[in-house]
Amino acid sequence: MAEIRVELTKNPKAKPTDESKLGFGSIFTDHMLIINYDEGQGWHDARIVPYGPLSLDPSASCLHYGQEVFEGMKAYRAQDGSIRLFRPEENFKRLNSSNERLSIPHIDEELLLESLKKLIEVEKDWVPHQDGTSLYIRPFIIATDARLGVHAGHHYIYAVILSPSGAYYASGLQPVKIYVENKYVRAVKGGMGYAKTGGNYAASLKAQEEAHELGYEQVLWLDGVERKYIEEVGAMNVFFVIGDEIVTPMLNGSILPGITRKSVIEMLKSWGYNVSERRISVDELVEAHKNGQFKEAFGTGTAAVISPIGELRYGDTVMVLNDNRIGEISQKLYDNLTGIQWGKQEDPFGWSVKVCE
Ligand code: PLP
Ligand code: COI
């Protein structure tokens with residue numbers, strides 16, 4: 001394993017004193033991790049340095065053609081005082097899958113995990129204490145070649161920044177209102193939908209703005225071809241409880257293979273629920289709502305955790321779910337998932353990874 005150099009800041013920042021007001025992703029810690037890639041040398045010079053601006057040539061290709069990927073994960077302060085990650089190897093596997101799609105060179109997953117652990121050890125006092133808070137982790141890679149031709153880069157920066165955070169949605173565990181998007185599309189099969197790359201989020205902003213104007217927090221994407229089948233929400237995968245079946249759209253190349261999604265499926269199966277990964281149309285949801293069979297809906301994601309959906313709007317059809325209250329299955333998943341993440345309960349799946357005491 002390559003050595004990871006550490007340069008500590010001489011000007012540590014004051015840590016937030018009121019952890020109930022952290023919000024999401026706006027406060028950053030004292031240090032960041034950087035690893036460079038240069039053709040011929042590979043990934044090299046892993047280092048932890050004071051947090052600060054990156055220096056880029058104005059022609060850097062990430063700024064023009066969007067060759068970038070990222071990940072989202074969290075470090076939790078567990079009940080026993082230790083600091084833990086949740087299935088971090090899954091995030092690094094997905095980072096390399098995104099790399100592959102964006103023609104970015106593969107990066108050693110062991111180096112990613114070891115260097116992240118080291119960064120978190122340096123920043124462990126930044127992991128917040130209050131219930132529901134965590135240290136959000138944002139690894140990303142950008143192409144830095146200084147030239148305007150459209151080509152895959154020869155030079156990249158991998159960086160990790162950390163942000164003590166509270167709930168992603170201001171409403172916390174209150175049900176969110178979601179707008180079924182029937183004008184814009186996010187991704188199509190053969191595109192980049194399964195990769196975690198900035199372009200997918202840029203494609204979503206306009207739709208999200210218009211949904212906000214109508215009073216909805218996020219949009220639910222439909223497939224880009226028939227505009228019929230459910231894909232995912234802006235920053236989460238989505239599940240529906242219809243009768244005694246729990247359905248989530250199958251991975252089809254245009255949605256993000258969420259790690260929370262995968263964990264929820266494994267948990268529900270271990271409890272004996274009838275879970276299906278299949279194609280599901282918006283018409284099926286409308287029909288199930290009419291028949292009283294549409295019982296619950298929730299989103300899953302690292303930032304969003306388990307986010308109950310209280311209302312879905314499709315055109316003029318408004319579907320209020322479970323009287324706009326958190327459903328039984330959503331609550332059970334939230335309690336068990338966060339129970340494992342915060343070390344409040346047994347971890348029968350071996351998902352929680354201790355970083356330090
Ligand atoms: N879908 C999108 C578009 C996302 O941005 C996210 C968040 O990372 C997810 C799904 C959920 O993925 P995960 O559970 O791995 O955080
Ligand atoms: C996450 O859940 O980690 C995300 O990346 C979602 C969003 C903040 C883009």
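Quantities reported herein were computed from a predicted structural model and do not represent experimental measurements. In listed order, ligands and their atoms are each counted from 1.
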Residues [X] and [Y] bridged, charged N to O under 4.0 Å:
{"X": "Arg5", "Y": "Asp45", "result": "yes"}
{"X": "Glu109", "Y": "Lys93", "result": "no"}
{"X": "Arg186", "Y": "Glu232", "result": "yes"}
{"X": "Lys206", "Y": "Glu210", "result": "yes"}
{"X": "Asp18", "Y": "Lys21", "result": "yes"}
{"X": "Arg94", "Y": "Glu71", "result": "yes"}

- So Phe28 and Tyr51, would you call those rings parallel, tilted or perpendicular, with 30° and 60° as cut-offs? parallel

- Amino acids in close contact with ligand 2, where any non-hydrogen atom sits under 4.0 angstrom away: Phe24, Phe70, Gly72, Tyr136, Arg138, Tyr168, Lys196, Tyr201, Ala235, Thr302, Ala303

- Item | Criterion side chain to side chain donor-acceptor pair (under 3.5 Å) against Asn252, the qualifying member of Glu277, Glu231, Arg279 | Glu231

- Task: Sort out the contact shell of ligand 1: every protein residue with a heavy-atom distance below 4.0 Å, listed by chain and number.
- Result: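 For ligand 1, the residues that come within the 4.0 Å heavy-atom cutoff are Arg94, Arg186, Lys196, Tyr201, Glu232, Gly234, Ala235, Met236, Asn237, Leu256, Gly258, Ile259, Thr260, Thr300, Gly301, Thr302.
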
- Query: In this structure, which one of Ile142, Asn99, Leu95 forms a side-chain contact (heavy atoms from CB on, under 4.5 Å) with Ile104?
  - Reply: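 So the option named by the test is Asn99.
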
